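A single structure is presented below for examination.
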Amino acid sequence: MAVAVRLALIVLLLLGPGGWGHTEPSRDSLREELVITPLPSGDVAATFQFRTRWDSELQREEGTDHYFLRYAVLPREVVCTENLTPWKKLLPCSSKAGLSVLLKADRLFHTSYHSQAVHIRPVCRNARCTSISWELRQTLSVVFDAFVTGQGKKDWSLFRMFSRTLTEPCPLAAESRVYVDITSSKQDNETLEVNPPPLTTYQDVILGTQKTYAVYDLLDTAVINNSRNLNLQLKWKRPPENEAPPVPFLHAQRYVSGYGLQSGELSTLLYNTHPYRAFPVLLLDTVPWYLRLYVHTLTITSKGKENKPSYIHYQPAQDRLQPHLLEMLIQLPANSVTKVSIQFERALLKWTEYTPDPNHGFYVSPSVLSALVPSIVASKPVDWEESPLFNSLFPGSDSSSYFVRLYTEPLLVNLPTPDFSMPYNVICLTCTVVAVCYGSFYNLLTRTFHIEEPSKGGLAKRLANLIRRARGVPPL
Amino acid sequence: MGLLSDPVRRRALARLVLRLNAPLCVLSYVAGIAWFLALAFPPLTQRTYMSENAMGSTMVEEQFAGGDRARGFARDFAAHRRKSGALPVAWLERTMRSVGLEVYTQSFSRKLPFPDETHERYMVSGTNVYGILRAPRAASTESLVLTVPCGPDSTNSQAVGLLLALAAHFRGQIYWAKDIIFLVTEHDLLGTEAWLEAYHDVNVTGMQSSPLQGRAGAIQAAVALELSSDVVTSLDVAVEGLNGQLPNLDLLNLFQTFCQKGGLLCTLQGKLQAQDWTSIDGPLQGLQTLLLMVLQQASGRPHGPHGLFLRYRVEALTLRGINSFRQYKYDLVAVGKALEGVFRKLNHLLERLHQSFFFYLLPALSRFVSIGLYMPAAGFLLLVLGHALELWMQLHEAGVGPEEAGGASGPSPLPPQAQGIGLASLVAPLLISQAMGLALYVLPVLGQHVATQHFPVAEAEAVVLTLLAIYAAGLALPHNTHWVVSTQASDRGWMALKLVALIYLALQLACITLTNFSLGFLLAATMVPAAALTKPSGPRPLYGTLLVLTSPAATLLGSLFLWRELQEAPLSLAEGWQLFLAALAQGVLEHHTYGALLFPLLALGLYPCWLLFWNVLFWK
């Protein structure tokens, strides 16, 4: 599996086109969809989408107050069955019927990529938006690794992937479909075969390229009824060669450079592999306060030249309160690598502020890249309500470009960490002792000592001496 | 403290120190050496134990069975390598991709400061190939590295074969939580350095390399593998890294656990470990291993590609397959299983390896001496330099003497003035010896072209010979500084100089000992007695010989002989001299290519300091 695939799939995470739909939705409707995309590497990506809508008595409030927009990331969380079970319970058919029977945890977590999302938003029920419905959209994307699960073979079937087959649609569903990407089969002479053969196909422009999908409608009795189940099979007629997979137009990489525990540098590489089109990218970085960023060291270079961002918004961190926020609009020249780097110094935390496993390192959340990437094929404006659900995952802004949001990898940064064990105490104690001893020894060694002349004595002594002199006796 | 603040008692104490100084110095030196020799004996050596919980109690079951596959890969690699004469990059890329890795290459080039005659290279350019196994459902924040260096002289094809077979096996497993980087470097350590610098996006040594396309987060641990044949009789572990840095002891413990589990024969410094620690034989054998380790560590050179990882705080060690004439041999499966076990346990790590010791000496694979126990040895040796205290008191008394003789007739203006002249007279020798050190550091590499133009020598020879020439020229200095030093109360002059030199030496040795105990101890054991004895009166030829014999260069020569003696491959004098010249060239080269600090340390720190003592000896 390649980074390219990974990053392309991270796109699936992005929220649909914000804003408000303006058509009359049906009441209490469920649409479910499964998109299977065989990848050139032999891996298979499967994306489930479930959309539920219901009416609500709530009135839409006027506008959104952007002052209250919040952005938060938890860079460390790993998705596991604990996250899947409650997620499944939100589905109207749970995992009893329809596409959701395929959601078996042991297979879903046997994959090389897993992404799970819940989106909820209000949708206007009429043009004036006097009443609203709520829309709950649940998506789950997994990439099955041909190498691990397929034991080296690259052919796939639903049963092999999920150890289940489809038997019946969810009775509540208004629409229940399976789409299989057969673009590569159409392009270069039947490299890929899908079984059973599709009754209909669907064509669309996804991420700037023309795609063809075989469509299986579970509500269509002809699809299911033959043998009471549907076990889709993919066969590669000519297995794909072991070559580097194609690179997407926009991808990114992030890393920490430098060594040692004092300073370092955060670098983000932005790749624009488009041969002739430049496009702008909005880069959003949140960095925890314990990495003290030196903003004057912010450098952006493309093709060896400085690249001035057309917009910078920087909000400095406050210790223990708020992270750094850095937002920039950068123009990426065609066929180039842009390096955004900024130096930082690692702060010393208070000793109670360390996490229980301080030597693991501290996470820095990923950068977020939002861009309108030029398409190869012009897309036509789509009707969101009529087209398949997955279309909303890849919104095209206009005919010439499509919207992409990428998340780079989170980073792990080591902070200077005391040894929270006996040696630490020993060092503290010995340092104290040494400091005390050093002080007094230094004092003794550098002080000069004088023998003090005995003083002439007080009044009494002088008197006594006077008397003694008068008596002819030696003075005291 | 009343003892020191009371002038009368203070004088008494001073007299006591002055009287007992010589026996105390001898005693402390003997104690230091004895303590060091005792390090190999049981109360001071302890059994190693695993400190890291994540790697401790649970065992893993190794399933690697790709011996044939590894041999097949190795054969193909060797054939392709022979055909192309360099690292078969395209073949490696193809093969790594076919076993399911994400493959990248990195090209690098480096012009060495002067031709490297031992490895026959000057303008080096090569390509590193690495494949990343991405851990499923993880975000590439952490990674482990398995690296195989391919040099011009060592093909290491079996190691490449095993690496590929392991990669194929690892790729089929789903338990990985950390990415694993499989790295094949060209030009052994130069390639490793180029890759590490590019990975961390720094340029420490002036290497030119293409930026890396693929990364896998923070590297947690690395294992370097060198195999020269299909079967091995034993595996040798190397831990000493650049500038004497050592990996966390837990990494070694981990490897040792799998050695025992797989019944592999594992050695340290090429020495088998003794079984019987109750009798005298075990500790004696341990002492040999310990001495070898001290010599290796003191040299400050990376004892394998792992040594370069340590700078970036990546715990690493090198495994070398040895094929000797022993009866019982292991095939690649046994080695592969041990590596699989090590990687699976490293995969369990939650934190970076930090629980166990970073400073230790190893008399055997399963025994270690911790920093708290070996430090006293160096401490006792450095105590000898407390001889400076005696000098200080003598100087003080010499200053006070006339004052006391003059009685209570008031403070005479003479002593401060004498003090001032004494300090001023120190400036010239200090500056000249430091300048000599600077010349020693800079001139050999800078002046190599001038030297090759005027003398019939190659560049590498020119560098070494210039080095020796400047070193020897330093010995002629006292006669040159003689005229600079004006008329002077002779005794006070050399005493002040020696005092400064002793303090300088003590400071340097203490600092070195803290970071690289072995180097500090070796230098202290040789330089300290001569430094303490040197004075311009008495048997000067004897002192002179002693001083020359314990100069840094002579220590290096002696160490080479000792090293080969301990390896049971004694050197003849001529061989020793050749090795010495090669070692000098390597030292300079390693400073420039990897950033080893031994050469600048000796040239800029200890050599000038030693010259000061030479100056003291010839004080007139």
Side-chain angles (χ1 to χ4, degrees), chain A residues 1-3 6 41 75-76 78-80 109-114 142-143 145-149 151-152 242-244 253-261 265 267 269 337 339 341 357-361 363 366 409-414 417 419 421 426 440-441 443-445 447 449-451 453, chain B residues 1 3-8 10 51 93-104 132-142 168 171-174 177 196-197 199-202 204 211-218 220 311-314 349-355 371-372 392 408 411:
Chain A
M1 187 200 49
V3 160
R6 231 165 216 270
S41 58
R76 194 176 186 169
V78 176
V79 183
C80 69
F109 290 106
H110 213 175
T111 52
S112 57
Y113 177 79
H114 186 114
V142 285
V143 177
D145 187 351
F147 220 92
V148 174
T149 8
Q151 282 95 40
N242 283 320
E243 55 190 31
Q253 195 189 18
R254 197 168 190 226
Y255 57 90
V256 189
S257 33
Y259 59 92
L261 287 176
E265 193 171 40
S267 306
L269 296 180
V337 185
K339 183 176 176 186
S341 60
D357 50 355
N359 282 288
H360 178 68
Y363 282 91
E409 50 271 76
L411 300 176
L412 195 57
V413 179
N414 274 85
T417 313
D419 184 351
S421 56
V426 173
S440 48
F441 267 103
N443 194 4
L444 279 175
L445 288 173
R447 191 191 288 167
F449 293 96
H450 294 284
I451 297 171
E453 290 296 318
Chain B
M1 295 299 143
L3 192 65
L4 284 178
S5 45
D6 179 358
V8 183
R10 198 162 122 118
S51 302
E93 269 187 279
R94 214 167 43 241
T95 318
M96 280 190 177
R97 204 161 279 140
S98 77
V99 299
L101 303 181
E102 200 182 302
V103 190
Y104 302 97
I132 305 178
L133 192 172
R134 297 282 180 194
R137 282 171 289 111
S140 289
T141 49
E142 295 168 278
R171 183 66 175 83
Q173 313 305 321
I174 56 150
L196 278 169
E197 284 186 15
Y199 194 91
H200 294 94
D201 202 8
V202 288
V204 189
L212 294 192
Q213 298 286 316
R215 285 188 171 78
Q220 305 289 308
R311 174 183 0 221
Y312 302 93
R313 219 203 140 186
V314 176
L349 275 184
L350 294 175
E351 302 181 61
R352 256 169 212 276
L353 284 174
H354 68 284
Q355 301 270 14
I371 181 168
W392 170 251

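Order of the sequence lines sets the chain letters (A, B, ...), proteins ahead of strands, with each chain counted from 1. No experiment lies behind these values; they were computed from the predicted model shown.
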Sort B:Q213 into side chain, backbone, both or neither according to what part of it lies under 4.5 angstrom from a heavy atom of chain A. both
For A:F109, is it the side chain, the backbone, both or neither that has a heavy atom under 4.5 Å from a heavy atom of chain B? both
Taking the six-membered ring of A:Y363, is the NZ or CZ of A:R76 close enough (under 6.0 Å from the centre) and on axis enough (within 45°)? no
Would you find a donor on one side and an acceptor on the other, under 3.5 Å apart, between the side chain of B:Y199 and the backbone of B:A216? yes
Atom group of A:N414 that falls short of 4.5 Å from chain B, counting heavy atoms: side chain
Name the region of A:T417, side chain, backbone, both or neither, that has any atom closer than 4.5 Å to a heavy atom of chain B. neither
In terms of heavy-atom proximity below 4.5 Å to chain B, should A:P366 be classed as side chain, backbone, both, or neither? neither
Side chain, backbone, both or neither of B:V204 within contact of chain A (heavy atoms, under 4.5 Å): side chain
Answer yes when B:R215 and B:D201 have at least one side-chain N-carboxylate O distance shorter than 4.0 Å, and no when they do not. no
With a 6.0 Å cut-off on the ring centroids, do B:H200 and B:Y312 count as close? yes
Please flag which part of B:L212 lies under 4.5 Å from any non-hydrogen atom of chain A: side chain, backbone, both or neither. backbone
So does B:R134 pair up with A:D145, basic N to acidic O under 4.0 Å? no
So, the part of B:E93 with a heavy atom under 4.5 Å from chain A: the answer is neither
When you measure from the side chain of B:R352 to the backbone of B:R313, do you find a donor-acceptor pair of N or O atoms at a distance under 3.5 Å? yes
